[in-house]
Amino acid sequence: MKRKTVLIGGAGSAALALLGSGCSENEVGGPATLTFWHGYTEADGDVLQGIVDDFNASQSDITINTEVKTWASIDDTLLTALSAGEGPDIVAMPAERLPIYADKGAFVELTGFYADDSSNTANLIPGAVSMIEVEGTKYGVPTGFVPLAVYYNTALFEAGGVTAFPGTWDEWVATAKQLTVDEDGDGTPEQYGVVLPDHATVANGLWPSLFYGNGGDIVSEEIDAVIDSPENAATLEYWRKAIVDDKISPTGIDGVGADELFGAGKAAMTIGGPWMASIAAENGIDCAIAAIPAGPVTQAASAIGVSMAVTVDADDNARAAAEEFFAFFLNDENAAAWSLGSGWPPLRTDVPAEAVNSNPVVAALTEIADLGRPLLPGVVNSVDVLAAVDELTQRAIAGEDIDGLLAEAQETVQNAL
Amino acid sequence: MTTAPPTGRRYRPPAPLGGRRRVESPKHRTAIAAAFLAPALIVLGLFTIWPMLSALRLSFTDASGFGEPEWVGLENYIEVFTDPDLLGAVTNTALYTVLFTPVAVAAALGLALLLNNPRLPFRSFFRTALFVPFVVSFSVAAFAWSYLVDPQVGLLNYWLRGLGIQLGNVLEDPNLAMPMVVLVAVWKLFGFYFVIFLAGLQDIPTSIYEAARMDGAGVWSRLRNVTLPMLSNTMAFVLVFAMIAALQAFDQIYVMTGGGPYGSTQTLVMEIYESGFRKLEIGFASALSYVLLVATLLLSLAQFVFFGRKEKDLA
């Protein structure tokens with residue numbers, strides 16, 4: 001291993017830096033100033049900035065400047081910025097978007113970094129790592145990996161007389177029915193038991209989660225389309241009946257609409273990520289977190305992933321510096337601090353549960369972290385695959401023939417792959 | 001009143017300001033013209049011609065925005081014409097054009113005719129008010145309309161509910177999403193066409209109307225036999241502009257529906273955007289852009305030929 005000796009400063013600062021930062025096969029050959037684009041705009045952004053500031057202060061050669069943008073803006077501007085040579089050196093983005101950029105050559109391979117013992121990557125959650133791999137090559141470092149979970153309004157549960165959170169789909173639907181209120185009897189409930197978007201769901205993960213629960217999937221490990229299956233057909237039938245006939249959820253709603261409905265106190269349950277806890281708090285809603293109930297076959301949830309990568313705009317020196325930062329970001333102290341501050345479960349399996357117990361959201365999500373499955377790992381053209389899933393679920397809930405829709409989706413997904 | 005030249009000696013016109021009059025050679029005149037044109041030409045060349053040529057080159061490659069693109073010949077163009085997924089985008093673009101163009105042009109013409117009446121009170125106010133949406137950014141207008149029709153918090157839904165009308169979730173309804181994005185485009189753009197029509201109407205000599213009136217022509221007859229024929233050039237211009245705007249529909253669709261629900265508002269420009277910026281297939285997106293450009297040129301040409309013939313017939 002080529003140990004990187006970055007710091008030329010005093011012995012104290014060098015020791016501090018080497019303690020906190022990791023090493024890679026590259027060496028930082030001199031001062032480096034890096035630009036880091038990310039979309040952490042809430043409290044998580046402050047925590048990340050704190051880690052970056054600590055890193056900058058821990059040594060004298062590398063300075064990382066963060067630029068906060070929305071995730072959508074990063075996706076819209078990264079291509080043009082990199083093409084013009086004006087792109088960032090490090091960029092964070094939703095993990096399912098990383099493979100397409102990696103496949104087109106926008107990101108630098110990190111194989112050597114992962115091979116380095118001091119990179120702090122040995123105990124990363126395997127599912128999180130699988131989201132940054134394209135054909136076996138690693139192109140990024142996870143910054144977040146959390147299974148979708150049910151966020152529920154405890155006051156509405158209490159008012160509805162529900163004392164225990166459901167454990168299976170049947171119990172879930174029964175609970176949702178119990179919590180659905182149509183006071184004026186006009187057929188449109190004023191309060192829904194649950195809000196299940198039929199397209200553009202949070203991190204595109206709701207329907208994959210339901211497919212997993214019944215033993216179905218979208219793409220196999222061999223990167224083949226497997227969406228047209230009897231299991232998925234049964235899943236769609238089951239939830240169409242619950243949503244349309246039993247009216248446990250509004251129809252034609254997307255992920256953003258679901259967040260709004262839950263925030264307005266008009267839905268007792270929603271499926272989302274850690275930020276739902278903040279949305280609930282902002283709206284004065286007492287909220288608790290539970291795993292998505294088990295389907296007939298298994299209990300699983302699609303995970304929301306965020307990863308950061310080094311772009312081709314970074315020269316060798318900047319690449320080495322970026323790897324220094326990644327190792328620092330993943331070290332023992334920061335792994336726990338990032339988890340606690342961001343509200344996401346720890347990215348490393350060796351961070352003990354007690355280390356993050358002080359944040360109830362993190363503690364609850366850490367408990368169910370094992371249920372998380374990466375969404376479309378290794379799939380480069382996730383755009384068309386997810387669009388096909390969106391179209392399938394939206395049309396299925398709208399009442400179209402499920403078998404025909406699945407056959408169509410199978411062809412579209414296979415073509416995309 | 002005219003001023004007679006001074007008598008007693010031969011009149012000489014005054015020398016132009018700036019001293020003696022120079023005798024300019026054609027070469028010199030060309031150089032001056034070129035100097036005046038240069039700034040505009042440089043901007044046009046840098047920001048229009050060069051990107052167009054660059055896109056043309058990219059359309060024959062597998063460019064992704066990263067690394068050196070490889071030459072793939074006509075592969076991208078073949079894909080454009082054989083990709084079954086594009087058929088939906090072509091159909092949606094055609095539908096958008098068919099809905100948008102006549103509605104926007106008819107609304108603009110109707111209001112221009114109405115507000116051309118000098119006896120109408122508050123004419124200037126109405127004219128300004130109708131033009132204001134054109135000044136607003138398309139994205140801002142789209143966001144505003146999204147909130148207006150939101151099923152939970154939208155004012156339009158709230159008002160209509162008061163009248164017993166359930167609008168529902170317009171932007172998530174595959175039958176209503178397209179008319180909705182067209183409506184926003186009409187609201188946003190017709191003010192521009194309205195102003196063009198207004199200018200065209202004011203160019204029609206009042207003596208023709210007076211003559212028609214003396215011949216006993218009524219309002220409808222004057223419109224059919226005087227106004228519309230005299231507006232044919234303006235009409236051709238507005239129709240071509242409206243059609244081009246329709247073929248390039250993107251902004252409000254991106255903001256309001258993202259091409260959904262399930263592809264019902266996915267137009268060709270949305271497809272270009274997704275291919276280029278989401279799938280990073282810049283070569284294919286460039287080829288698709290050129291196909292759209294050629295189609296737009298041909299359609300515009302056809303309209304000009306049609307109106308040119310009509311004008312000849314009138315003459």
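Reckoned from all heavy atoms, side chains included, excluding hydrogens, waters and symmetry mates.
Highest contact tally toward chain A, considering only B:G67, B:P261, B:G259, is held by B:P261 [criterion: heavy-atom pairs under 4.5 Å]. No other option in A:T77, A:L82, A:L78 has as many heavy-atom pairs under 4.5 Å with chain B as A:L82. Per-residue counts of heavy-atom pairs under 4.5 Å with chain B were compared for A:V312, A:N381, A:N415, A:D76; the largest is that of A:D76. Contact count against chain A (heavy-atom pairs under 4.5 Å) is highest for B:Y262 among B:Y273, B:Y262, B:F277.
Interface residue A:T80: only side-chain heavy atoms are found under 4.5 Å from chain B. For a residue to count as touching a neighbouring chain, one of its non-hydrogen atoms must lie under 4.5 Å from one of that chain's; by this rule A:A398 touches chain B with the side chain only. Proximity to chain B is absent for every atom of A:L392, based on heavy atoms less than 4.5 angstrom apart. If you measure heavy-atom distances from B:I282 to chain A, the contacts under 4.5 Å come from the side chain alone. Residue A:D390: no heavy atom, backbone or side chain, is found under 4.5 Å from chain B. Contacts of B:D173 with chain A are absent, with no heavy-atom separation under 4.5 Å from either backbone or side chain.
Checking B:Y290 against B:N76 by side-chain atom types alone, no donor-acceptor pair falls below 3.5 Å.
Taking the ring centroids of B:F134 and B:F190, they lie at or beyond the 6.0 Å cut-off. Ring centroids of A:F262 and A:Y151 are separated by 6.0 Å or more, keeping the two rings apart.
Taking all atoms of both residues into account, the shortest heavy-atom contact from B:Y193 to B:A245 is OH-CB, 3.7 Å. Of all non-hydrogen atoms in B:T101 and B:A246, the two that sit nearest each other are OG1-CB, 4.1 Å. The minimum heavy-atom distance linking A:R97 with A:V383 is given by the pair NH1-CG2, 3.1 Å.
Classified by interplanar angle (parallel below 30°, tilted 30° to 60°, perpendicular above 60°), the ring pair B:W187/B:W145 is perpendicular.
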